[in-house]
There are 2 protein chains.
Amino acid sequence: MSNINDVARLAQVSKATVSRVLSGSRGVKEESRQAVLRAAEILNYKPNAIAQSLSSQSTNCIGVICATEHIQQSTGYLQALEKQLNQHQKHLLLRFANDHDSVAQAAQELSNGLCDALVVVGARFPLPELDDEIMLIDCLSGSHNLSIQCDHIFAAETAVHYLCNQKRRQIALINFASGEAAALTLEGYHQALHNHVVPFNRQLVIDDESSVRIALQRLINRGVKFSALLVTDDTQAQEAVMMLNQYQLTVPEQVMVFSLDGSSRMPGSNAIPAIKYPLESIARRAVELLLGERHTSDLVRGSLLIA
Amino acid sequence: MSNINDVARLAQVSKATVSRVLSGSRGVKEESRQAVLRAAEILNYKPNAIAQSLSSQSTNCIGVICATEHIQQSTGYLQALEKQLNQHQKHLLLRFANDHDSVAQAAQELSNGLCDALVVVGARFPLPELDDEIMLIDCLSGSHNLSIQCDHIFAAETAVHYLCNQKRRQIALINFASGEAAALTLEGYHQALHNHVVPFNRQLVIDDESSVRIALQRLINRGVKFSALLVTDDTQAQEAVMMLNQYQLTVPEQVMVFSLDGSSRMPGSNAIPAIKYPLESIARRAVELLLGERHTSDLVRGSLLIA
DNA sequence: CTGTTAGCGCGTTCAG
DNA sequence: CTGAACGCGCTAACAG
């Protein structure tokens, strides 16, 4: 690979002039300008990104730590993020993590100057204490400087509202097992029921169970009737449908399953109503926040999606 | 962020000694060694990755250009690759691309010293002329220095063999639209039929159609009966099943759909028999080839997977 | 065993 | 308008 010296030599100018032409490009005689461009063309010269980074004290890399639990979900985010970053000439350094410790380790290992910033995406588990510079997207943790969260209250309200309009008033909820998101979801659920003058039944809510299947079994074991089932995402919805079928409950006739996050749908789950979040705009907002100096957070609302 | 000078100063030694302790670590007096470690601890010092890269002329980054066409497939590769790279202390620089030009551009932009190597994953379209150093995983292109390909002949043979044993002898094939893989698949299909003394019927094969739905329509329009349908991957299988249902054909009773690549399955497609490739070992092999100096290629066989 | 020095490739003063 | 010189943070070769 040729370097700046080679170009300078071939173009009969100094390194500084080469640098000026290829970067700032202002205040250079047209003649030497052409000479540099020609030389660079001939040598197929590309400024070395590493050297530039060292000099400018900023790599153009953004580290993304992606939760794998709901992988098809995360993949949507990944694509949207990459697209946005790409438009800003930034690179995406990918790391997967599926629990507290993995995230901590990944964050450690990416904090050695390789990345200009870090993002954690889709972590549905308690996160370690992270630097305030790190952005959280669609994670459970609530109070963080830089984050983009789904409006869980709004989602739950919308879902309950829709289901009530379908004359389904016994709405079961399998909530997140912990975190701010769980509380907010419950709040929206509560609120919407109240608006529809439906009494709240504690027996219809499970909020301390990480496995959907077991949550559903517990629900059924309780013997309480329900005509609708709210779950937190599409993966859970799929599993719930299968399991309900095993219990001879038809979907959606007897029980309508509703996914509170149906972004990045996989084929075959179109029959399940859901709240869909606009991945592209979330990613755009995320990159804006990340690259801008303003440290703030966003709440994004999802829209009702029915087959 | 503190740098090597800070540590040297605090530890009362020179930069070189600090470097030695944290890298080579040989031939250093225990006393100064401890001093360095203590100082590094106190200052929470992390060697700057960029500076190391510039000096060593090797970033520890591997660029991965991932095709998005069959995204759930690609995601599996991505996770497996990241895991392997991680074990080798390498970072994964992610780029998505869905056509010839995007790949070319991505390859260009990652060839500025930022990456030590490049990998293209899952590209089912014709690729641009790429540097021989670039590794191809599960791509259509055949002759390339460094690549890991699926054994398409073996896969097609296995599929046909299985179907014949199920007494299904009219086996339709919706093949790749182009490339080496298409030819190999057809060869395996051909060969296996021959072994089962089933006459080859050109009317059962579609190999110049990128859309499954249209391919299937063409197949049905031809009016030729088939009791089994071979498609190239799970996404296509899903679509085929839906479409067959629309035509009032029951699956698998009337037509058994078989996916020639059912790696990284999504929930709900368990009923479709498939050939499954071992993603983890493919990724391991890929990283070995990439990091080793031997430039060679691999052919990997998939195993029959039935619900 | 250790400190000094010279690069790695580039951007950026600062004189001319 | 241009070139020489310095610094980014670190590693490696060379003297002591």
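Residue numbers begin at 1 in each chain, while the letters A, B, ... track the order of the sequences. Since this is a predicted model, take the numbers as computed values, not measurements.
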Would you mind reading off the distance between B:L114 atom CG and C:dC10 atom C1', rounded to a whole angstrom? 14 Å
Would B:T75 and A:T75 satisfy side chain to side chain donor-acceptor pair (under 3.5 Å), going step by step from the backbone distance to the final call? CA-CA 7 Å; B:T75 301; A:T75 301; 2.9 Å; yes
Rounded to whole angstroms, how far apart are CG on A:L43 and C1' on C:dG9? 15 Å
What residues in residues 6-22 of chain A put a non-hydrogen atom under 4.0 Å from any atom of DNA chain C? A:K15, A:A16, A:S19
Rounded to whole angstroms, how far apart are CG on B:N60 and P on D:dT11? 12 Å
Are the side chains of A:L22 and A:Y45 in touch, meaning some heavy atoms are under 4.5 Å apart? yes
Give, for atom CD1 of B:I50 and atom CG of B:N48, the distance between the pair rounded to the nearest 0.5 Å. 6.5 Å
Using a 4.5 Å cut-off on heavy atoms from C-beta on, say whether the side chain of A:P128 contacts that of A:V103. yes
4.5 Å side-chain heavy-atom contact, A:T68 and B:Q79: yes
Keeping the roles fixed (side chain from B:S23, backbone from B:R20), state whether a donor-acceptor pair exists under 3.5 Å. no
Length of the CG-P vector between A:N48 and D:dC8, whole Å: 19 Å
Nearest whole angstrom, please: distance from the C1' of C:dG9 to the OH of A:Y45. 7 Å
Over how many whole Å does the gap from A:I4 atom CD1 to C:dG9 atom P extend? 11 Å
Under 4.5 Å between any side-chain heavy atoms of A:I65 and A:V119, yes or no? no
A:H152 side chain to A:C150 main-chain N or O, any donor-acceptor pair under 3.5 Å? yes
Separation of A:R33 atom CZ from D:dT2 atom P, in whole Å? 12 Å
Quick one: A:M1 CE to C:dC8 C1', roughly how many Å, whole number? 15 Å
Does anything in residues 49-58 of chain B come within less than 4.0 Å of DNA chain D? Heavy atoms only, and list the residues if so. B:A51, B:Q52, B:S55
OP1 or OP2 of C:dG9 sitting under 4.0 Å from any side-chain N/O of A:N3? yes
For A:Y277 and A:D261, which I'm curious about, is there any donor-acceptor pair between the side chains at under 3.5 Å? no
